[in-house]
2 protein chains.
Amino acid sequence: MVNGQLTVDAKLAKRVRDAIREMGYLPNLQARALGSGRSRVLGLIISELTNPFYPELVRSFEDLAETSDFEIMLGSVIHKNDEHLNRFVRRLVQRRVEGVAVMTFRADWDYLHELILHNIPLVTIDAAAPRARCLVVEVDYRSGIDQAIQHLALLGHRRIAFVSGPLQHFTNQARRDAFLDSVRKVGLRAKDTPVYEGDHTFEAGAAAIGHFLSLRDRPTAILSSNDLTAVGVLRGLSERRMQVPEEISVIGFDDIHMAEFAHPPLSTVRMSREDLAAAAFQGLMRLTQHSSPYAPEPIRVKTQLVVRQSTGPQTNAVTAKADSARRTGTAAACSGE
Amino acid sequence: MVNGQLTVDAKLAKRVRDAIREMGYLPNLQARALGSGRSRVLGLIISELTNPFYPELVRSFEDLAETSDFEIMLGSVIHKNDEHLNRFVRRLVQRRVEGVAVMTFRADWDYLHELILHNIPLVTIDAAAPRARCLVVEVDYRSGIDQAIQHLALLGHRRIAFVSGPLQHFTNQARRDAFLDSVRKVGLRAKDTPVYEGDHTFEAGAAAIGHFLSLRDRPTAILSSNDLTAVGVLRGLSERRMQVPEEISVIGFDDIHMAEFAHPPLSTVRMSREDLAAAAFQGLMRLTQHSSPYAPEPIRVKTQLVVRQSTGPQTNAVTAKADSARRTGTAAACSGE
DNA sequence: GGTGCTCAAGAAAACGGTTTCTCAAGATGC
DNA sequence: GCATCTTGAGAAACCGTTTTCTTGAGCACC
């Protein structure tokens with residue numbers, strides 16, 4: 001009755017329900033989990049919470065989980081040593097999670113072996129763990145990077161540099177490859193599209209700028225593989241007293257909060273955390289419904305350019321304060337979005 | 001045996017343990033919780049994860065929880081409506097959490113009544129919920145704000161403004177009062193220490209600057225009640241082409257990541273998230289050990305000035321590019337830390 | 001009216017551990 | 001040597017739900 005069937009008098013039902021509330025009764029979820037064999041807990045593994053990319057993702061994922069009455073167990077990978085990591089994964093199993101979303105972009109699955117052993121549904125990003133009951137969320141880097149490059153090309157830029165993350169990670173290769181394809185598509189050649197391999201830190205941005213400005217043919221626009229590094233690029237430029245976007249344009253990737261508050265506000269390729277979370281959650285729901293070795297299609301998530309004020313038309317003047325030109329450029333860019 | 005007593009042959013014990021591992025056995029924590037009556041889950045309530053103050057706090061708290069074999073259930077208050085909030089609190093009770101750390105700075109406890117009803121240990125910040133089994137973490141705003149004001153006074157500033165958060169919150173009153181006390185201590189008068197009430201957003205910073213610059217006696221230094229607003233102040237100044245710290249000094253509060261990456265890097269009063277998390281966790285452990293109506297002393301957490309590059313000596317020149325002076329000033333300030 | 005069927009309510013078993021109880025063997029004291 | 005205390009192993013009860021099983025009532029049909 002309490003669980004919602006309608007075989008008894010509605011009025012009586014209401015009275016009973018009121019009495020239950022009155023006494024402050026709340027079912028014990030542990031007991032329920034034990035009895036039903038369903039814990040209603042999901043695992044969520046991220047790189048780390050202090051990476052500004054993740055809080056939004058976690059929040060979206062939690063919201064989804066909440067509306068479906070799931071709890072989530074959060075674990076970050078980066079600052080943990082292997083010992084800690086294994087402990088965390090073991091706890092996931094001990095709490096009998098019904099599935100785990102692995103939202104980190106590195107592609108080694110060793111630390112997940114305990115989950116695989118217990119045949120727990122898994123959702124990963126970019127690349128699948130080698131096993132059944134694993135679903136991939138494929139981020140479509142190309143769509144957003146294409147937009148970024150076309151935006152720059154439209155503004156007249158013919159020399160566009162790229163700051164990548166560590167190329168040992170599959171995801172960073174994918175981003176760089178997307179960049180190289182895009183610039184080729186708008187007719188630029190390899191020597192006009194230099195790539196600098198950074199490490200996704202703030203400092204890498206300043207280092208990249210040091211490198212690019214030492215080139216004979218300096219790029220007039222820079223695309224960075226993540227926002228933090230792009231902000232580092234902005235800082236490096238500001239320290240060299242170079243004006244953005246008058247002298248050089250900068251585009252980031254991710255669209256973290258900081259991008260909006262950067263100086264100038266950073267144009268960037270947005271990878272929607274909401275979409276990512278939704279894809280991951282949906283994927284888990286799908287996997288949990290099929291207990292058989294079920295291998296569904298990957299879920300794709302698009303990326304998209306967000307134009308702010310760090311991009312403007314290419315000019316040859318090195319010191320020109322082309323303020324009015326910039327305004328026009330920005331307006332044009334915005335309308336192109 | 002499995003739980004670690006030493007009554008049987010050590011070798012046999014090892015063999016048994018190996019066999020257990022071999023078979024992939026892991027105890028079911030739900031069953032354990034049900035049997036023992038201890039869930040080993042703690043609640044952690046924060047304002048919201050996308051507020052850059054919190055990720056570090058959550059991480060620290062999680063680390064502590066992990067080493068003591070606790071799980072945490074995370075909930076954010078801000079973006080939830082009352083309906084959602086009540087659901088979350090109810091879930092805390094349903095999972096039979098052993099205690100809840102309420103790490104949000106607002107002081108209304110209505111939404112916690114379910115926790116109070118079930119006599120669940122509570123740790124709060126700044127002010128205690130009106131009940132037993134509740135422990136307060138008292139943030140010592142005065143220590144850090146004193147340091148900030150003395151730092152500015154030493155640099156020659158005699159007109160120091162304050163941007164507060166919404167004064168309906170107890171915590172913001174405390175910060176403002178600490179400011180007023182501090183400036184009085186270094187001999188400044190009310191008319192030279194104007195206060196602007198903002199709302200802790202980025203935009204509030206620009207608004208505050210608009211107000212302060214319209215005053216007849218402009219302040220030469222600004223202390224903000226949080227970092228995001230301070231960054232907004234920096235932005236407002238930059239839009240007015242005013243140099244920081246040559247023309248005006250700025251100090252924030254909190255020491256979020258962004259502070260370091262601001263332009264220029266923001267001097268700020270650090271409220272240590274590690275300390276806060278440690279205090280909260282310790283408090284919960286203390287409370288859970290005493291089931292009786294036990295009212296322990298509050299735990300105090302200090303704040304501390306961090307000097308970066310947004311503060312420099314007061315100069316009368318409005319447009320002077322006092323670069324060398326600034327360098328010296330910064331160095332002096334650093335050594336004073 | 002007896003037989004077979006459906007249905008729902010209540011009892012019992014299960015979930016996987018912890019905690020408590022029981023009881024017999026061994027140690028201790030006189 | 002006998003009564004008492006201590007010890008530890010194994011059995012039993014328990015935690016609070018869900019799930020399955022049992023039972024008996026109600027009903028249609030021949």
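What you see below is based on every heavy atom in this structure, not just the backbone, and it leaves out hydrogens, waters and symmetry mates. Fair warning: this is a prediction, and the values are worked out from it, not measured in the lab. We name chains A, B, ... by the order of the sequence lines, and we start the count at 1 in each one.
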Base-contact (B) and sugar-phosphate-only (S) positions in nucleotides 10-16 of chain C, heavy-atom cut-off under 4.0 Å, - elsewhere: -----BB
Length of the [atom1]-[atom2] vector between [X] and [N], whole Å:
{"X": "A:Arg38", "N": "D:dG16", "atom1": "CZ", "atom2": "P", "answer": "23 Å"}
{"X": "B:Arg40", "N": "D:dC15", "atom1": "CZ", "atom2": "P", "answer": "21 Å"}
{"X": "A:Asp69", "N": "D:dT17", "atom1": "CG", "atom2": "C1'", "answer": "16 Å"}

In residues 35-53 of chain B, what donor-acceptor pairs under 3.5 Å come from side-chain atoms, sequence neighbours left out?
unit_1	atom_1	unit_2	atom_2	d
B:Ser36	OG	B:Arg32	O	2.9
B:Ser36	OG	B:Arg38	N	3.2
B:Arg38	NE	B:Glu98	OE1	3.2
B:Arg38	NH2	B:Glu98	OE1	2.5
B:Ser39	OG	B:Val41	N	3.3
B:Ser39	OG	B:Arg96	O	2.6
B:Arg40	NE	B:Asp69	O	3.0
B:Arg40	NH2	B:Ser68	O	3.0
B:Ser47	OG	B:Tyr54	OH	3.2
B:Ser47	OG	B:Thr104	OG1	3.2
B:Glu48	OE1	A:Arg59	NH2	2.7
B:Glu48	OE1	B:Thr50	OG1	3.2
B:Asn51	OD1	B:Phe53	N	2.9

Got a second to check how far B:Leu74's CG is from B:Phe61's CZ, nearest 0.5 Å?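 Between B:Leu74 CG and B:Phe61 CZ, I get 10.0 Å after rounding to 0.5 Å.
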To the nearest 0.5 Å, tell me how far A:Gln304 CD sits from A:Arg270 CZ.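 Spacing of CD (A:Gln304) from CZ (A:Arg270) equals 9.0 Å.
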So B:Tyr141 and B:Phe253, would you call those rings parallel, tilted or perpendicular, with 30° and 60° as cut-offs?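 B:Tyr141 and B:Phe253: tilted rings.
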Given 3.5 Å as the limit, does a donor-acceptor pair link the side chain of B:Arg95 with the main chain of B:Val93, or not?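 Flag not set: sc B:Arg95 to bb B:Val93 has no pair under 3.5 Å.
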